[in-house]
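Naming: A, B, ... by sequence-line order, numbering from 1 per chain. Note that this is a predicted model, so its numbers are computed, not measured.
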Amino acid sequence: MADNSPNPDNATTGLAVLEHRIDLQIIAKMVKPDSKVLDVGCGDGELLALLAEMHNIDGRGMELSQSGVNKCVARGLSVIQGDADRDLAEYPSDAFDFVILSQTLQATRNPREVLRQMLRVGRHAIVSFPNFGSWRVRSSLFFGGRMPVNESLPHNWYDTPNIHFCTIDDFTALCDEMNVTVEKAVALKANGQKMKFGHSRFVNLLGEQAVFLLRREINTRS
Amino acid sequence: MNHAPEKIEHFGQDEALVLDSGVKLGPFSMAYETYGELNNDKSNVVLVCHALTGDQYAASTHPITGKPGWWSRMVGPGRPVDTERFFVICPNVIGSCLGSTGPASINPETGEPYGICFPVITINDMVKAQAQLLERLGIDDLFCVIGGSMGGMLVLQWAASYPEKVFAAAPIATAARHSSQNIAFHEVGRQAIMADPEWCGGRYAQEGRNPKKGLAVARMAAHITYLSENALHRKFGRNLQDRDAVTFGFDADFQVESYLRYQGVSFVDRFDANSYLYVTRAMDYFDLAQAHGGALAAAFKGTKTRFCVVSFTSDWLFPTEESREIVQALNANAANVSFVEIETDKGHDSFLLDEPEMIDAMDGFFRSAARARGLEDQGKGSHG
């Protein structure tokens with residue numbers, strides 16, 4: 001099983017493995033080498049394994065599904081079963097350089113508190129989420145009158161784990177309100193094309209997904 | 001029970017062990033087994049800690065029962081604790097009866113077996129004795145300490161007492177303190193032994209007797225706690241033993257009765273009744289948080305050890321919640337910790353059984369820890 005892991009000498013091979021997850025590639029580029037990283041909702045450890053080989057990080061993972069955890073540990077990653085809403089509180093402040101929450105924020109019960117905990121535990125937080133303000137979502141509601149179902153939002157309204165959707169503008173507003181500094185933000189179009197914030201006024205309309213690199217304001221830790 | 005262990009180290013009066021009770025135990029002996037080869041820089045040592053009635057024969061044939069090693073699924077060539085890469089030491093704990101000093105040993109002051117004049121020992125005492133053994137063997141630090149049940153308690157104690165000597169630790173199906181319910185079960189076992197007239201106030205060796213019945217009952221009661229209701233039902237149901245109808249008597253009508261009686265009877269041949277009293281007592285006294293001002297997190301303050309905690313869904317003796325408490329205490333220190341809960345209906349004994357997910361998790365843990373320790377180039381690729 002350990003033999004399936006990508007070649008540690010070749011980081012680009014690792015990135016190619018994640019071809020289908022451009023958001024993870026963007027996240028991987030935001031993380032600094034040799035840093036201490038907590039990946040919340042790490043799934044089967046794809047990103048953690050990539051970061052370990054690309055950046056030699058000291059990585060930890062938290063994952064809700066026990067089968068995901070067991071797979072991660074079997075491939076040599078340090079992962080525990082846990083719930084972002086409940087278990088981030090266990091960690092001491094400033095324990096990590098980066099705390100990552102990929103495609104999970106909208107599924108938490110209390111996204112604001114999760115974000116606060118992430119920025120307490122880590123000096124940086126990296127958050128990626130589907131943008132509910134994208135034109136496809138808007139047109140599904142506007143023209144179809146139905147909740148959107150597409151590749152980035154694959155669930156029906158009645159079985160979705162996503163209980164706290166937000167738009168890119170919503171998220172930016174929350175960061176302002178919480179005094180969180182946005183160090184970097186990237187939106188992704190449906191075709192995977194990257195859009196930098198500031199270059200376009202239409203990120204909230206054209207972006208299907210967003211990746212934010214956040215930093216806690218030094219003096220305003222709550 | 002009288003057998004001479006092959007590997008044994010003796011410690012003189014001058015090397016006496018100062019026990020938690022304040023009593024000095026010395027001279028004393030530590031029996032152990034080893035598997036694999038020590039590498040040049042002595043960086044590949046794995047300490048295996050056995051459970052309550054376990055012994056040093058983790059991966060080799062038991063000298064009394066003739067059965068294969070109790071953890072040969074975990075320890076051996078190509079196993080997670082790969083004896084082609086690691087040097088494995090498994091000592092018999094003090095208080096036990098397979099060669100290390102315990103109540104069946106001769107008290108040098110009286111020339112008779114200690115019996116219940118043997119001092120009460122603790123998990124911490126067992127670990128200190130192991131540390132003394134390792135020092136004698138010229139081993140400064142451990143690549144990993146691993147063990148299940150009581151063995152897991154020793155693992156936690158090692159990580160708390162000697163954090164700088166323990167690179168990785170795998171406490172399995174264990175707890176940082178023995179629960180009230182578990183103390184209660186142990187007390188039933190001890191009372192069964194002491195109620196046996198053959199126990200003779202602990203002096204059965206001198207009297208030429210042996211409280212086999214009491215010890216067998218203790219084992220029967222304990223054995224139930226190692227299984228689960230589902231496992232018992234799956235294995236036995238209400239099936240009758242070699243008969244078509246109940247006999248309206250107290251014979252072993254049911255298969256489960258016959259099975260338990262066998263478990264009890266076969267146990268007394270390989271274990272000393274007084275040792276059972278002492279080792280259960282050591283587990284009862286174990287409370288790692290209490291020993292650190294009531295906060296378990298304090299036991300692991302600043303630890304750099306890599307942990308892999310394992311529990312089993314159907315283990316009601318050491319339930320997952322108790323493993324989770326260990327994980328929480330480690331998280332509070334931002335320690336490097338993995339936590340795997342294995343879904344199985346086989347109860348507490350699962351850690352000794354063929355549980356592929358446990359084996360895979362341990363394999364991943366040992367491989368990544370070995371990589372981090374720079375042990376990767378020695379005999380790789382035998383598994384997977």
With a 4.5 angstrom heavy-atom cut-off, is it the side chain or the backbone of [X] that approaches chain B, or both, or neither?
X	value
A:L38	neither
A:D87	neither
A:K36	side chain

Legend entry - Largest heavy-atom contact set with chain B, pairs under 4.5 Å, which of A:V121, A:V73, A:L77: A:V73

Inset, instruction - For chain B, find which of A:C72, A:S78, A:A95 contributes the most heavy-atom pairs closer than 4.5 angstrom. - result: A:S78

Inset, instruction - Would you check if A:F212 and A:T172 make a side-chain contact, meaning some heavy-atom pair closer than 4.5 Å? - result: yes

Legend entry - B:R373 NZ/CZ over B:F143 ring centroid, <6.0 Å and within 45° of normal: no

Would you say the side chains of [X] and [Y] form a donor-acceptor pair under 3.5 Å?
X	Y	result
A:N70	A:S67	no
A:H55	A:S35	no
A:Q81	A:Q66	no

Inset, instruction - Count the heavy atoms belonging to other residues, nucleotides or ligands that lie under 6.0 Å from CZ of B:R177, then report whether that count exceeds 12. - result: no

Legend entry - Contact class of B:A335 relative to chain A, heavy atoms under 4.5 angstrom: backbone

Legend entry - chain A contact via B:E357 - side chain, backbone, both or neither, heavy atoms under 4.5 Å: side chain

